[in-house]
Amino acid sequence: MNTDINIIQQPKKRMRVWRLLKKILFILMSLIVIGLVFLFLTPSGTNIREKLAETVIMTQHRNWAWIFVGVAKRDQMIADKINSGEVRGATPLDPTMINIHKANRKEGALIKVEDISGPRWKGKKIYVYDPTAIRVVVPAKSGAGETISSMVERTGAVAGINGGGFDDPSGLGNGFAPIGFIMSGGTLLYTGLNSYVPQHVVGFTDKGLMIVGKYSINDLVKQHIREAVTFDPRIIANRVPLITKGDGGSGIQPRTAVGQKADGTVIFIVIDGRQFPYSIGATEREVQDLFIQDDVVNAGFLDGGASSELVVRGEGVVTRPSSRFGERRLPTGFLIFDNPNNYKATKVWDGITTIDPGGAYDNPAYLKEQADLKKKRNLKKTKPSPTNTSKELNTSAASK
C-alpha cells in the first residue's frame, strides 16, 4: 500500500520542483533583462559601464574593457587618458612657491603616519618634514626587483613607499624592467630614452624641491635633480587642481601619490584597493581632494595597483597590498632616511642590453601556487572513493 502511495506522490513532487525551477528561472531572466536595459539604455547605466571600463583599462587586462563599452569606445578612452596625462604634465612649475624649512620637524620627528579613509577605501598618509631625507632606492642585485620591506630593512631606512612604473607581464613581472628613467643621488641609473626626450617624472632636487610633470633628463640636470622616477599623471601644479571635471578617468584603484606643501613638507598617500569589502580603492579626484585639504602646491601619482604599499621601520607593511602574493618585487622605492647620504645606489642595470621583465614562467610565488594546486589535484585523483573502498573490502571478505 505504501509503495502505491509513493508511486503516486513522486510525479507530484517532480511537478512541484519543476514549477519552482521555472519560477526561479523566470525571475533570473527578468532580472538580467532589467539589468541590461538599465546598463545600456539609461544615462546612469552608461556612466557605470564607463567607470568599470576606466577601472579595467588601468589594470593588466585593459583589452577586456571592450566588454563594457565596445572596442571603439575603449580605444578612444585609452587615447583620451594618455592625452590627459600629457596635458596635465605640460605646465611649468613655479619654484618660488616652495620655501623649504627643515625646521618643520616637529619635536625632532622626521615623519608622521596617519590613517585615512573614504566612502569605499582605507589607507595611510605619511608626512615627511625634511624632503632632502628622501632617496630613490633600487634593488641590491641585478635580475629582479626587491620588495619595499626588504629595501627598508637592508638600508636601515625610516620608511619606504613604492616608486616608479615597470614592465609587468600579466601582473607577474619580476620588477626589474623599469619604465622611463631612474635617478638616485644625482646619478642616472637607468633610462629607456635619450636624455633630450621629455618624460613624466616625480623627483626631488638637491635642495628638496619636488619636481612633478613632463621634463627631459637634460632639463632636470639643469634643475639639479637628485632623486627621480617615471610615472604620471600630475594632479596639482602651482596650487591649481588639474582635474576640474569628472574623476580623473582611471576608475577606482589602489593608489600611491606624493605632494609637497609650500614649506617643503612632503606628503605620501597610499590607498588600499581591490579588497571588498575592506577597501575597494579611490579615484584620482579623491586623491587630489585629499592633497587640496592639506594645501599642497604640487602633486602627482606614483605606481599604484598591486604595487601600492607603505612600510615603516619596526612596524613592517602598514598597508594592505592587493596582490594575492603579498608584497611585490619592484625596481624603485622612495625611502626616508635619518642619514640620507649614507645610502649609495648600486648600478644594477649597468652593462645590461636586454632586460627580461619576467612573467608567469619565473614568478616564484605563482609557480609555487600552481605546484600546490597540481599537488592537490593529484591527491584527489589517487585518493580512493568510499564506494570503491567498500567494494574492495567486500571482495576481500568474500575471497576469505
Side-chain angles (χ1 to χ4, degrees), residues 38-59 62 64-94 97 116-121 123 125 165 198 200-202 210-215 231-262 267 269-271 273-274 279-305 308:
F38 172 75
L39 287 173
F40 287 89
L41 297 179
T42 67
S44 297
T46 299
N47 184 57
I48 289 172
R49 287 189 294 109
E50 289 181 352
K51 292 294 179 288
L52 289 170
E54 289 173 354
T55 300
V56 174
I57 283 170
M58 299 308 293
T59 69
R62 64 164 50 184
W64 290 98
W66 70 268
I67 293 173
F68 302 106
V69 293
V71 174
K73 178 67 173 178
R74 175 204 64 191
D75 293 345
Q76 184 60 52
M77 291 174 72
I78 293 172
D80 289 345
K81 180 58 184 169
I82 293 172
N83 183 63
S84 172
E86 298 298 301
V87 172
R88 290 194 225 168
T91 304
L93 298 181
D94 181 0
M97 297 184 75
I116 54 175
S117 62
R120 77 187 91 75
W121 54 265
K125 178 165 60 176
H200 292 282
V201 60
V202 179
M210 188 175 112
I211 304 294
V212 56
K214 197 166 185 183
Y215 299 86
F231 211 75
D232 74 308
R234 182 166 65 179
I235 49 176
I236 300 176
N238 304 322
R239 275 209 175 92
V240 178
L242 301 179
I243 303 173
T244 55
K245 62 179 181 178
D247 58 17
S250 63
I252 298 169
Q253 310 287 353
R255 305 281 184 182
T256 301
V258 58
Q260 187 170 42
K261 294 168 63 69
I267 302 173
I269 288 174
V270 180
I271 292 175
R274 302 174 188 168
S279 182
I280 300 172
T283 65
E284 291 181 17
R285 184 67 172 264
E286 288 174 308
V287 177
Q288 177 180 276
D289 290 345
L290 287 172
F291 281 131
I292 291 172
Q293 291 171 15
D294 268 310
D295 196 23
V296 163
V297 177
N298 301 305
F301 282 98
L302 296 167
D303 192 12
S308 289

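Pairing each heavy atom of F68 with each of R49, the nearest pair is O-NH1, 2.7 Å. Considering all non-hydrogen atoms of both residues, Q288 and P241 come closest at NE2-CB, 3.4 Å. Of all heavy-atom pairs spanning F291 and A299, the tightest one is CD1-CB, 3.7 Å. Residue G259 comes nearest to V296 through the heavy atom pair CA-CG1, 3.9 Å, listed as atom of the first residue, atom of the second, then distance. Contact detail for R285 and T244: the closest heavy-atom pair is NH1-C, 3.9 Å. Smallest separation of non-hydrogen atoms from V287 and A257: CG1-CB, 3.7 Å.
Counting heavy atoms from C-beta on, the side chains of P233 and K81 come closer than 4.5 Å. Considering only heavy atoms from C-beta on, I116 comes within 4.5 Å of W121 through its side chain.
For R274, the side chain to side chain donor-acceptor pair (under 3.5 Å) partners two or more places apart in sequence, or in a different chain, are Q253. Under the side chain to side chain donor-acceptor pair (under 3.5 Å) criterion, T283 pairs with E286, sequence neighbours left out. In this view, S250 and R255, E284 satisfy the side chain to side chain donor-acceptor pair (under 3.5 Å) rule, not counting sequence neighbours. In this structure K261 satisfies the salt bridge (Lys or Arg N to Asp or Glu O under 4.0 Å) test with no other residue, sequence neighbours excluded. Looking at residues two or more places apart in sequence or on another chain, you find a side chain to side chain donor-acceptor pair (under 3.5 Å) between D94 and T96.
Taking CG of L302 as the start and CZ of F231 as the end, the distance is 8.0 Å to the nearest 0.5 Å. The OG atom of S279 lies 10.5 Å from the CD1 atom of I252; values are rounded to the nearest 0.5 Å. The distance from the CD1 atom of I211 to the CG atom of L93 is 6.0 Å, given to the nearest 0.5 Å. N83 contributes atom CG, which lies 13.5 Å from atom CD1 of I78 (distance to the nearest 0.5 angstrom). Annotation: the span from I271 atom CD1 to K125 atom NZ amounts to 10.0 Å, rounded to 0.5 Å. Here T91 contributes atom OG1 and K214 contributes atom NZ; the two are 13.0 Å apart, rounded to the nearest 0.5 Å.
If you run side chain to side chain contact (heavy atoms under 4.5 Å, CB included) between I236 and each of I243, I292, V297, only I292 comes through.
Counting only distance, with no hydrogens or angles, the side chain of R239 and the backbone of M97 share no donor-acceptor pair below 3.5 Å. A distance-only check finds a donor-acceptor pair linking the side chain of N238 to the backbone of P92 [under 3.5 Å].
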- Task: Assess whether side chain to side chain contact (heavy atoms under 4.5 Å, CB included) is satisfied between I235 and R88, documenting all intermediate values.
- Result: CA-CA 7 Å; I235 49 176; R88 290 194 225 168; 3.5 Å; yes

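Sorted by first and then second residue, the pairs that involve residues 71-80 and meet side-chain hydrogen bond (donor to acceptor under 3.5 Å, both in side chains), not counting sequence neighbours, are Q76-D80.
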